[in-house]
Number of protein chains: 2
Amino acid sequence: MPTRDAAQRREDAAQAYDAYLASCPARQLVDRISDKWVTLVISALADGPQRYSDLSRRIAGVSQKMLTQTLRSLERDGLVSRQVTPSVPVRVDYELTPLGLTLMPLILHIKAWAECHMDKVATARQTYDATK
Amino acid sequence: MPTRDAAQRREDAAQAYDAYLASCPARQLVDRISDKWVTLVISALADGPQRYSDLSRRIAGVSQKMLTQTLRSLERDGLVSRQVTPSVPVRVDYELTPLGLTLMPLILHIKAWAECHMDKVATARQTYDATK
DNA sequence: CAGTATCCATCTTGATACTG
DNA sequence: CAGTATCAAGATGGATACTG
């Protein structure tokens, strides 16, 4: 009789994996930019500081909840800064931080790859779907 | 009375946004690499062809369902090829396609950025959480 | 203007069991 | 070995209503 059954081993593997995930910086970044709205917000802010209402207009289709949530998480990660002007009505501007700016080229590279190769991906999909 | 109420306008915006999403190649790519397992599978395959069982062992914590699902989607996108050897028991090897290989440098860049800057992100998170 | 709070549908994920 | 099928649970996101 083994000291560990299959379920136990699987649990161990899952825990080891979680630890790996938690310590893997690339994984964390991917989790970050993989958010549905993060890249859109960063792209929008690439043109300079924007007000909350500007962002919600530029990123059509985003709900207040998601926009706020995305901005909060980016602010928490130090990628975006938030500045409140206590006028009436209140005005809030968002801006990429220096750290956020270093992430920009990365997103541009992704865009460039996509623009070069996504047509091939689309073709591959059609071929695959037709074959299936 | 306006010809469109607020709900109507929001719906229009959402549809326009969907159309934008559907036609935006960068968006599609982000959707692709943002998958929880895609980057891990591609990283694993960076070292060369791997069998299904090898992959499931290297990417500890992935369920059969998710591994299969991820491999299928990558195959569909033309990023990974699947080769079946009809022996007994059957053997299946997965390998990056030329297209998949062009995606590699991108992922390496992401890794490089992460390794350089994620400590700052971690610090920013701690500061934010402490302030809050 | 710039949010917060709540509810609810849906999508995703994983555990489990079974198969050629 | 390399899957497929099914079901339950948690995460996700959007609609809606309200506020300093």
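A, B, ... follow the sequence lines: proteins, then strands. Residue 1 opens every chain. Quick caveat, the model's predicted, so the values are computed rather than measured. Any value given below was found using the heavy atoms of this structure, including those in side chains, with hydrogens, waters and symmetry copies removed.
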### Message
Less than 4.0 angstrom between a side-chain N/O of B/Y94 and OP1 or OP2 of D/dG3, yes or no?
### Response
yes
### Query
What is the distance from CE of A/M66 to P of C/dA2, rounded to the nearest Å?
19 Å
### Query
Does B/R72 place a side-chain N or O at less than 4.0 Å from the phosphate oxygens OP1/OP2 of D/dA2?
no
#### Entry: DNA chain D: 5'-proximal contact among B/K65 and B/D54 (nearest heavy atom)
B/D54
### Atom pair distance, as rounded to whole Å: CG in A/L55 and C1' in C/dC1
13 Å
### Message
Is it the case that the side chain of B/W113 and the backbone of A/T102 share a donor-acceptor pair, with hydrogens and angles ignored and the cut-off at 3.5 Å?
### Response
yes
### Message
Could you check whether any side-chain N or O of B/S56 sits under 3.5 Å from a backbone N or O of B/S53, counting only pairs where one atom can act as donor and the other as acceptor?
### Response
yes
### Message
Please determine whether a side-chain nitrogen or oxygen atom of B/R51 lies at a distance below 4.0 Å from atom OP1 or OP2 of D/dC1.
### Response
no
### Task
Output yes when a side-chain donor or acceptor of B/T97 lies under 3.5 Å from a complementary backbone atom of B/L79, and no otherwise.
yes
### Nucleotide opposite D/dA8 in a Watson-Crick or G-U pair, distances under 3.5 Å
C/dT13
### Summary
Between A/V92 and B/D35, whichever has its closest DNA chain C nucleotide further toward 5' is A/V92
### Query
A/R57 has an atom CZ; how far is it from atom P of C/dA2, in whole Å?
9 Å
## Note on the structure
By the Watson-Crick or G-U definition, both distances under 3.5 Å, D/dC1 is matched with C/dG20
### Task
Could you state the atom-to-atom distance from CZ of A/R91 to P of C/dG3 in whole Å?
13 Å
### Distance below 4.0 Å between A/S53 side-chain N/O and C/dA2 OP1 or OP2
yes
### Query
Rounded to the nearest Å, what distance is computed from the CG atom of residue A/L67 to the C1' atom of nucleotide C/dT4?
14 Å
### Message
Tell me the interatomic distance from B/D93, atom CG, to D/dA2, atom P, rounded to whole angstroms.
### Response
8 Å
#### Entry: Nearest-angstrom distance from the residue atom CD of A/Q69 to C1' of C/dT6
14 Å
#### Entry: A/S87 backbone acceptor or donor facing A/T85 side chain under 3.5 Å
no
### Message
Whether B/T68 contacts D/dG3 is assessed here as follows: a side-chain N or O lying under 4.0 Å from the phosphate OP1 or OP2. Is that the case?
### Response
no
### Task
Write down the distance between CZ (A/R82) and C1' (C/dC1), rounded to a whole number of angstrom.
12 Å
#### Entry: Pair B/D47 + B/R58: basic N to acidic O under 4.0 Å
yes
### Message
Tell me whether the side-chain N/O atoms of A/W37 come closer than 4.0 Å to OP1 or OP2 in D/dG14.
### Response
yes
